[in-house]
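What follows is a single structure, written as structure tokens, with notes after it.
Throughout, numbering of the chain's residues begins at 1 and tracks the sequence.
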Amino acid sequence: MNLYDIILIGVSLISIPLVCAIWLDAFYAHRKRVEFSLLRTAGWYAAIFVVSFVPTVIAVYNLKG
């Protein structure tokens, strides 16, 4: 595994959950008829980040061995 693979994994772990969190909060706000909330988006982001981070760490750890 080279440096570019690590950079790509890092960028995807940050950007993909962020985009998903924004979409989730936009749909949630529309459905519940409330305003878009940056604090709620941060909660969505944390949840999605954890869900995507744990399997990625396990996969990368298994690739090394």
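The hydrophobic clustering, which links ILVMFWY residues whose side-chain heavy atoms are closer than 4.5 Å, places V50 and I16 apart. Under a hydrophobic clustering in which Ile, Leu, Val, Met, Phe, Trp and Tyr are joined whenever their side-chain heavy atoms come within less than 4.5 Å, directly or via other members, F49 and V60 fall into the same cluster. The cluster map of Ile, Leu, Val, Met, Phe, Trp and Tyr, joined by side-chain heavy atoms under 4.5 Å apart, puts V19 and F27 in the same cluster. The same ILVMFWY cluster, assembled from side-chain heavy atoms under 4.5 Å apart, contains both I14 and I22.
Surrounding CZ of F36 are more than 12 heavy atoms belonging to other residues, nucleotides or ligands, all under 6.0 Å away. For I7, the CD1 atom sits in a packed shell: over 12 heavy atoms of surrounding residues, nucleotides or ligands are nearer than 6.0 Å.
Taken from CG in L8 to CG in N2, the straight-line distance is 10.0 Å, to the nearest 0.5 Å. Considering CD1 of I48 and CH2 of W23, their distance stands at 13.0 Å, rounded to 0.5 Å.
Here the closest non-hydrogen pair linking T41 and A21 is O-CB, 3.7 Å. What you find for V34 and Y28 is that their closest heavy atoms are CG2-CE2, 4.5 Å. Scanning both residues, A29 and R40, for their nearest heavy atoms gives CB-NH2, 3.8 Å. Nearest heavy atoms, S12 versus P17: O-CD, 3.4 Å. Taking every heavy atom of both residues into account, D25 and W44 meet most closely at OD1-NE1, 3.5 Å.
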